[in-house]
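In this chain, residues are counted from 1 in sequence order. Side-chain atoms are counted along with the backbone in the values below, which use heavy atoms only and exclude waters and symmetry mates. Predicted model only: the values in this text are computed from it and were never measured.
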Amino acid sequence: MSDRETQPVERQLPTDEARDLLALVRDIAQREIAPKAAEEEDAGRFPREVFTLLSEAGLLGLPYDPEHGGGEQPYEVYLQVLEELAAGRLTVGLGVSVHTLASYALATHGTKQQQVEHLPAMLGGGLLGAYCLSEPSSGSDAASLRTRAVRDGDDWVLSGTKAWITHGGIADFYTVMARTGADGPRGITAFLVPGDAEGLSAAPPEKKMGLKGSPTAQVHLDGVRVPDERRIGEEGQGFGIALSALDSGRLGIAACAIGVAQAALDQAVTYATERRQFGHPIADFQGLRFLLADMATQIEAGRALYLAAARLKDAGRPFAKQAAMAKLHCTDTAMRVTVDAVQVLGGYGYTADFPAERYMREAKVLQIVEGTNQIQRMVIARHLAGPESR
């Protein structure tokens, strides 16, 4: 069955530069990313060369200061770049989002000297980052983390295990949250740990339902020595930095989810207009037409929601509630839309001959990462009704 040319998403972009940027990203996604996605995901291959290309094109530091290699793009634009990349292959879109998340602490809370020393390589020098907050016994309850950093002269010695780390084992740098004080959120500090640090190692990647090309692994820190110059922010400030990073990161997950959903819709429309039954394209049947219409409407609503949150962030206004709403709605939308796309393709949708089944498997993880959707509902409710009384 021939591929039908899908139309670019109609986007409202603030500048001609942004329009050119999105055109470039869509071209890269269609030429360099999407054609290899199915084969490489099936083989569990991480496309490091694609990230090198994105770095050379200035796409790994889009929302950050150009003084240090960033692109100085508003989140409104950066998130739409993520959406296009995720539509080509979620491993790439999510990988860029995680790299941006890993760079956040230093870019926003690092000293001037730290930023000058490290950010150019992180944002445009071909490096790849990982964000280390979760642990085997502390996922949603991140403030109970046990990885410890102990002061030893001018150094810190880090010991513990981080879990569910995207790019675990292949990252060039890790932004690590470790306990430097008492139990609870106020005893946590952030550190920038080199990927080749002595004592740092990674377990074999998790065997996952989907997103097989993106390595997710435990990261072990066995007496890893880090100079105090690599501490980010003040002692005890790490948990606040981590939560602030996650607010922005959740918008990245929302954008990636809409990218996957859009790819699934495009596949469903292509199939429905070409597949003939009872002498007509199946897109002529009202039940299926209504299903496609609902899928498209959910996607547009999700896109509008994440962009509204992004514009709040760009304006310097509070956006945590809206980020949680966007992550919740967009990832739930991706799950519904990809399930429906499989249904549109019928038996073919359940085979690996078409990407619909891969989209469905990948959508599921987006409801879990960077705060499960149950946690997002808790965050939203706290903004509405205040903290729980216990």
If you round to the nearest 0.5 Å, how far is [atom2] of [Y] from [atom1] of [X]?
X: Thr147; Y: Lys162; atom1: OG1; atom2: NZ; value: 4.0 Å
X: His383; Y: Ile380; atom1: NE2; atom2: CD1; value: 8.5 Å
X: Arg151; Y: Glu235; atom1: CZ; atom2: CD; value: 6.5 Å
X: Ser134; Y: Met177; atom1: OG; atom2: CE; value: 11.0 Å
X: Leu79; Y: Leu62; atom1: CG; atom2: CG; value: 10.0 Å
X: Lys36; Y: Arg45; atom1: NZ; atom2: CZ; value: 7.5 Å

Looking at every non-hydrogen atom in both residues, tell me the closest pair between [X] and [Y] and how far apart they are.
X: Ala245; Y: Leu101; value: O-CD1, 3.2 Å
X: Gly88; Y: Ala37; value: O-CB, 3.8 Å
X: Ala309; Y: Gln322; value: CB-CB, 3.7 Å
X: Phe191; Y: Ile232; value: C-CD1, 4.1 Å
X: Ala203; Y: Ala217; value: O-CB, 3.5 Å
X: Leu13; Y: Ala18; value: CD1-O, 3.9 Å

Do the side chains of [X] and [Y] join up, straight or via other hydrophobic residues, at under 4.5 Å, putting them in one cluster?
X: Leu158; Y: Leu200; result: yes
X: Val342; Y: Val344; result: no
X: Tyr174; Y: Leu119; result: no
X: Phe173; Y: Phe51; result: no
X: Tyr131; Y: Ile375; result: no

Can you see whether [X] engages [Y] through a side-chain donor-acceptor pair at a distance of less than 3.5 angstrom?
X: Tyr104; Y: Ser244; answer: yes
X: Gln298; Y: Asp294; answer: no
X: Tyr306; Y: Glu83; answer: yes

Do [X] side-chain atoms and [Y] backbone N/O form a donor-acceptor pair below 3.5 Å?
X: Lys327; Y: Gly371; value: yes
X: Glu357; Y: Tyr350; value: no
X: Arg179; Y: Ala182; value: yes
X: Asp172; Y: Leu128; value: yes
X: Lys208; Y: Ser214; value: yes
X: Tyr359; Y: Leu265; value: no
X: Ser159; Y: Gly223; value: yes
X: His99; Y: Gly129; value: yes
X: Thr166; Y: Thr216; value: no
X: Arg146; Y: Gly160; value: no

Whether [Y] and [X] form a salt bridge (side-chain N of Lys/Arg under 4.0 Å from carboxylate O of Asp/Glu) is what I want to check.
X: Arg358; Y: Asp42; answer: no
X: Glu300; Y: Arg303; answer: yes
X: Arg311; Y: Asp314; answer: no
X: Glu76; Y: Lys313; answer: no
X: Arg26; Y: Glu84; answer: yes
X: Glu41; Y: Arg361; answer: no

Tell me whether [X] at atom [atom1] has more than 12 heavy atoms from other residues, nucleotides or ligands lying less than 6.0 Å away.
X: Arg317; atom1: CZ; value: no
X: Asp228; atom1: CG; value: yes
X: Glu49; atom1: CD; value: yes
X: Arg48; atom1: CZ; value: yes
X: Gln113; atom1: CD; value: no
X: Gln343; atom1: CD; value: no

Within a strict 4.5 Å, meaning less than it, do heavy atoms of the [X] and [Y] side chains meet?
X: Met360; Y: Met335; result: yes
X: Thr161; Y: Leu221; result: no
X: Ile241; Y: Thr189; result: no
X: Asn373; Y: Gln376; result: yes
X: Asp154; Y: Pro227; result: no
X: Leu59; Y: Val96; result: no

